[in-house]
Structure formats: structure tokens, C-alpha cells
Asker: 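Mind having a look at this structure? Questions to follow.
Order of listing sets the numbers, starting from 1, for every ligand and every atom in it.
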Amino acid sequence: MEQTLVILKPSAIDRGLCGTIIARLEQKGLKIAGMKMMQLDEPILREHYAHLVDRPFFPSLVLSMSRTPVIVMCLEGRDAVSVVRAMTGATNCRQAAPGTIRGDLGMSGQENIIHASDSVENGKIEVARFFYPNEIFDYSTVTTKAIYATDEL
Ligand code: IDP
Ligand code: MG
């Protein structure tokens, strides 16, 4: 099944929102294939946010993303990348639709609570960036048959 990378950013850690966010993702029916806490530093952030390194806010983004440890998650499910992206909402929390994680839980463009992979290809690259292969678990849950129809598995 498709996998996507989620980061619970320092804004989520600082504000004690991790449990709330993980509960929403679990309740949706996404399976946690990997999860750990880690401290991000500038080298990994330059790689992860390579598309933003030349933007004026990049130094502030690095400080923001390394202010506390983060929780990284590999979530698995049918169309997991687009499903989690939709749950995440627009980049700026003030413009994110109500019902999305950013729309419900934040007020900032930068301090926007959560990262989610934006394409299937980037999902694979990002899971490999943050997890060693033996940190991703292949298991099935008893609820799988209630979450999906047979032809969706
Ligand atoms: P995304 O997280 O919705 O995919 P990206 O454009 O990939 O958005 O930007 C990565 C992160 O960089 C954002 O989540 C946000 O924290 C930060 N960011 C993006 N644009 C701005 C900006 O204009 N000012 C400050 N921070 C920004
Ligand atoms: Mg992005």
C-alpha cells in the first residue's frame, strides 16, 4: 500500500497537539507503519526543503523546524499521499479550510503544525530520508477488513 511521510512540527510539539493529530490520522483509517522522535538539523532540512533554500524565510524555517525535536511518521493506506495532504490543508493555516488539521489547529503560515508529502514519488523519497528500512513495519491490523472493501486492498 502507498506510504507517505508526516512530520509533527515543533509547533505541534510545543502546543501539545501531537495526540490530537495522531488520533485524527488513526481515526481516518491510516496505518502507522513507522513513528519516532528525532532532532532535525540544517543539513537534513536543506535536503528536505531543497525547493525553499533560496527563499528569504529559509533561515527562519530552519530555526523553526529545529526548535524542538519532531515526531516523524510513515503512514500507509490506499492513496495515503493525497488523503493525508487533503487532511493537512493549505500551507497557511489562516487560509486552510476548516476541517483540515492546519485549518482547525493553527493560525500561522510557517508554524503550520504538520508536514505531509506532496506526491507519491516524494513520499517514497521522504520516508527513506527519515527512516532506516528496519524502522518501517509491515504488519496487518484486524480492522483492515472494516476499513477497506476487498477490491480496495
Ligand atoms: P507545504 O508544507 O504546504 O507543502 P511548502 O511550500 O512545501 O508547503 O513549504 C514548506 C514549509 O515552509 C511550509 O509548511 C511552511 O512551514 C514554510 N513556508 C512556506 N512558505 C512560507 C512563507 O512564505 N513564509 C514562511 N514560511 C513558509
Ligand atoms: Mg511541501
Side-chain angles (χ1 to χ4, degrees), residues 1-138 147 152:
M1 278 245 197
E2 196 169 290
Q3 294 184 336
T4 190
L5 183 89
V6 158
I7 305 176
L8 306 183
K9 296 185 177 187
S11 43
I13 305 273
D14 268 336
R15 294 181 50 213
L17 293 172
C18 296
T20 298
I21 298 164
I22 293 168
R24 288 169 73 132
L25 296 165
E26 277 188 305
Q27 285 162 4
K28 175 68 174 165
L30 292 151
K31 191 172 85 182
I32 300 172
M35 182 162 80
K36 65 179 176 181
M37 189 168 236
M38 63 189 291
Q39 175 66 51
L40 304 183
D41 58 15
E42 182 160 350
I44 199 169
L45 288 165
R46 290 190 84 85
E47 199 181 303
H48 183 63
Y49 286 136
H51 58 299
L52 299 172
V53 286
D54 295 328
R55 302 291 290 272
F57 59 82
F58 186 71
S60 156
L61 180 59
V62 170
L63 285 176
S64 161
M65 289 295 291
S66 55
R67 184 173 75 235
T68 69
V70 297
I71 291 173
V72 291
M73 304 176 73
C74 171
L75 295 173
E76 195 173 290
R78 182 102 189 221
D79 301 327
V81 170
S82 59
V83 165
V84 175
R85 248 336 244 199
M87 290 177 74
T88 294
T91 303
N92 188 322
C93 296
R94 296 191 301 280
Q95 280 136 32
T100 63
I101 291 166
R102 287 169 172 167
D104 286 352
L105 301 177
M107 281 295 283
S108 171
Q110 180 172 274
E111 302 302 319
N112 60 357
I113 317 288
I114 183 170
H115 165 83
S117 305
D118 63 5
S119 67
V120 175
E121 189 192 359
N122 280 338
K124 288 181 188 152
I125 292 169
E126 292 179 355
V127 169
R129 176 174 298 137
F130 289 95
F131 286 96
Y132 294 110
N134 68 357
E135 294 174 324
I136 302 297
F137 295 89
D138 184 10
I147 293 171
E152 293 169 321

Asker: In terms of side-chain heavy atoms, does Ser64 have a donor or acceptor partner in Glu111 at a distance below 3.5 Å?
Answerer: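 Note: Ser64 and Glu111 side chains meet the donor-acceptor criterion.
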Asker: Which pair of non-hydrogen atoms, one from Val81 and one from Ser117, has the smallest distance, and what is that distance?
Answerer: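 Heavy-atom minimum between the residues: CG1-O, 3.7 Å.
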Asker: Do any pairs count as a ring pair (Phe, Tyr, Trp, His ring centres under 6.0 Å) and have a residue in residues 71-117, sequence neighbours left out, and if so which ones?
Answerer: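 The answer is His48-His115.
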Asker: At what distance, to the nearest 0.5 angstrom, does CD1 of Ile114 lie from CG of Leu17?
Answerer: 10.5 Å
Asker: Just by modelled atom types, is the Ile113 backbone N or O under 3.5 Å from a matching donor or acceptor in the Arg102 side chain?
Answerer: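 Looks like no, no N/O pair under 3.5 Å.
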Asker: Kindly tell me which protein residues have any non-hydrogen atom under 4.0 angstrom away from an atom of ligand 1, grouped by chain and ordered by number?
Answerer: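 Only Lys9, Tyr49, His51, Leu52, Phe57, Leu61, Arg85, Thr91, Arg102, Gly109, Gln110, Asn112 have heavy atoms that fall under 4.0 Å of ligand 1, ordered by chain and number.
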Asker: Between Glu76 and Ala33, which heavy-atom pair has the shortest distance, and what is it?
Answerer: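 Closest approach of Glu76 to Ala33, heavy atoms only: OE1-CB, 3.8 Å.
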